[in-house]
**Student:** 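Please see the structure below; I have some questions.
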Amino acid sequence: MPWRHTRDPYHIWLSEIILQQTRVQQGLPYYQRFIAAFPTVRILSEAKEEEVLRLWQGLGYYSRARNLHACAKTVVQEHNGRFPDNFKDLLKLKGIGRYTAAAIASFAFGEVVPVVDGNVYRVLARLFGITTNIAQPPAFNEFFALASELIDPEQPDTFNQAIMEFGAMHCTPQKPLCLYCPLQAVCYAYQHSMQKDFPVKKKATKVKHRYFHYFIILNPAGEILMRPRPAGDIWRGLYDFYLVEDNTLLDTDAIKDEGIQQLMAKNSILVEESEVYKHQLTHQLLHVKFFVLQASEQALQTFTAERSQLQAFNPAETLALPKPVLIKNVLEKLNF
DNA sequence: AATCCGTGGTC
DNA sequence: TGACCAAGGAT
């Protein structure tokens, strides 16, 4: 890994941001493209945001890219192009939290501060038999305190990399390699055959049910009405169809949206789909029905005038739109 | 504290 | 094949 044997805070910072919730294999090519395009933090800070986002596309968690760009600007404009050299000040930068601040502080500047990531939770929980629920915020302080006692003050960077590497390569989430583990004799989980029980991670899976009534509205030209989803909800910025949401599964004729009612009155309606979609990241269970309707030009004008976000796309154009998986599948099934 | 964000890998 | 998870952070 190209960021492993360096103390350049720019390289370390970039790699750590890319590797947040992301595997090395997936992030490595992005790291290489970013370094090639932006050799220094100053060059990155002078880039356009669209250019940064374009290089980031496909990697996910896109706020990381926006924060990355904002952080580069701050470093250049307020810190003379040099990253802060300590944990406390690094924490103030956008996109840098407790893990990333500790990683940069220890790797680049040798500060004695432990990283606490998913690997550290797992390794320490197994080793010491810690039953604290790591999904709860207070868990961080406990593991941070324990790691602070364990960290080697002479080589904090090596300690931090070692414990994460050990977690990633050896003390893995599933099928840890206990058979030839040097910590067998002192590992609580191994001694009690409880590897699968650590770390304790209870994820308050309150599944939220939502009922989406999608309307695939076609105008006389055969175009489809779509709109980008608003902020503050799932699929922000991705395109989907006009929808009516209600907490109860509505009957076709019980829908309250007046505009839709008018369209339905004047046009035939087909129920094309009815299925359940699980949004696993946010534990939402979406109950979805799809209606297809042909709208007359006149009815359509009234309808869209009240919903300025809606745009008409021909089917070929919709292929180029960023769509939620659900919508993509529907379009494919409907042969659009 | 709870919720949101994304793609890809594993078993 | 569905459930779980990954070198987290912001709001």
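Quick note on labels: first sequence line is chain A, next is B, and so on, each numbered from 1. Keep in mind that what you see is a predicted model, and the values were worked out from it rather than measured.
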**Student:** Check for me whether the distance between the ring centres of F83(A) and H79(A) falls short of 6.0 Å.
**Tutor:** no
**Student:** Going by heavy atoms closer than 4.0 Å, what residues in residues 16-38 of chain A are next to DNA chain B?
**Tutor:** Q21(A), T22(A), R23(A), Q26(A)
**Student:** In whole Å, what is the span from the CG atom of L53(A) to the P atom of dG6(B)?
**Tutor:** 11 Å
**Student:** Please report the distance, rounded to the nearest Å, between CZ in F107(A) and P in dA7(C).
**Tutor:** 13 Å
**Student:** Within 45° of the ring axis of Y62(A) and under 6.0 Å from its six-membered ring centre, is that where the NZ or CZ of R66(A) lies?
**Tutor:** no
**Student:** Show every ring pair (Phe, Tyr, Trp, His ring centres under 6.0 Å) that has at least one partner inside residues 88-110 of chain A, sequence neighbours left out.
**Tutor:** none
**Student:** Out of dA10(C), dG6(B), dG8(C), which nucleotide sits closest to the side chain of Y62(A)?
**Tutor:** dG6(B)
**Student:** Atom OH of Y99(A) and atom P of dG8(C): how far apart are they, to the nearest Å?
**Tutor:** 6 Å
**Student:** Does a nitrogen or oxygen in the side chain of R122(A) sit under 4.0 Å from OP1 or OP2 of dA6(C)?
**Tutor:** yes
**Student:** Could you tell me how far dA3(C) sits from dA7(C) if I compare only their C1' atoms? Round to whole Å.
**Tutor:** 23 Å
**Student:** Give the minimum heavy-atom separation between A105(A) and N86(A), together with the two atoms involved.
**Tutor:** CB-C, 4.3 Å
**Student:** Distance check needed: dA7(C) P versus L14(A) CG, whole Å only.
**Tutor:** 18 Å
**Student:** Could you go through the side chain to side chain donor-acceptor pair (under 3.5 Å) check for R122(A) and N119(A) one step at a time?
**Tutor:** CA-CA 5 Å; R122(A) 186 171 57 255; N119(A) 291 310; 2.6 Å; yes
**Student:** To the nearest Å, how far apart are L59(A) CG and dA7(C) P?
**Tutor:** 15 Å
**Student:** Distance check: side-chain N/O of K201(A) vs OP1/OP2 of dA6(C), anything under 4.0 Å?
**Tutor:** yes
**Student:** Look at the aromatic rings of Y188(A) and H192(A) and report parallel, tilted or perpendicular, splitting at 30° and 60°.
**Tutor:** parallel
**Student:** Checking contacts here: which listed nucleotide (dA7(C), dG9(C), dG6(B)) is nearest the side-chain heavy atoms of Y61(A)?
**Tutor:** dG6(B)
**Student:** Between residues 158-179 of chain A and DNA chain B, which residues have a heavy-atom gap below 4.0 Å?
**Tutor:** none
**Student:** I'd like to know if the side chain of R4(A) pairs up with that of Q161(A) as donor and acceptor (distance under 3.5 Å, no hydrogens or angles considered).
**Tutor:** yes
**Student:** Reading DNA chain B from 5' onward, which residue's closest nucleotide shows up sooner: P138(A) or R64(A)?
**Tutor:** P138(A)
**Student:** Rounding to a whole Å, what distance do you find between I104(A):CD1 and dA7(C):P?
**Tutor:** 18 Å
**Student:** Any Lys/Arg nitrogen of R7(A) or D157(A) sitting under 4.0 Å from an Asp/Glu carboxylate oxygen of the other?
**Tutor:** yes
**Student:** Given atom CZ of R66(A) and atom P of dA10(C), what is their separation to the nearest angstrom?
**Tutor:** 13 Å
**Student:** Check whether the side chains of Q77(A) and S45(A) place a donor and an acceptor atom closer than 3.5 Å, and report yes or no.
**Tutor:** no
**Student:** Do the numbers put R64(A) on top of the ring of Y61(A), so that NZ or CZ is under 6.0 Å from the six-membered ring centre and no more than 45° off the axis?
**Tutor:** no
**Student:** Base, sugar-phosphate, or nothing for T100(A), non-hydrogen atoms under 4.0 angstrom?
**Tutor:** sugar-phosphate
**Student:** Could you tell me how far apart W56(A) (CH2) and dG6(B) (P) are, to the nearest whole angstrom?
**Tutor:** 11 Å
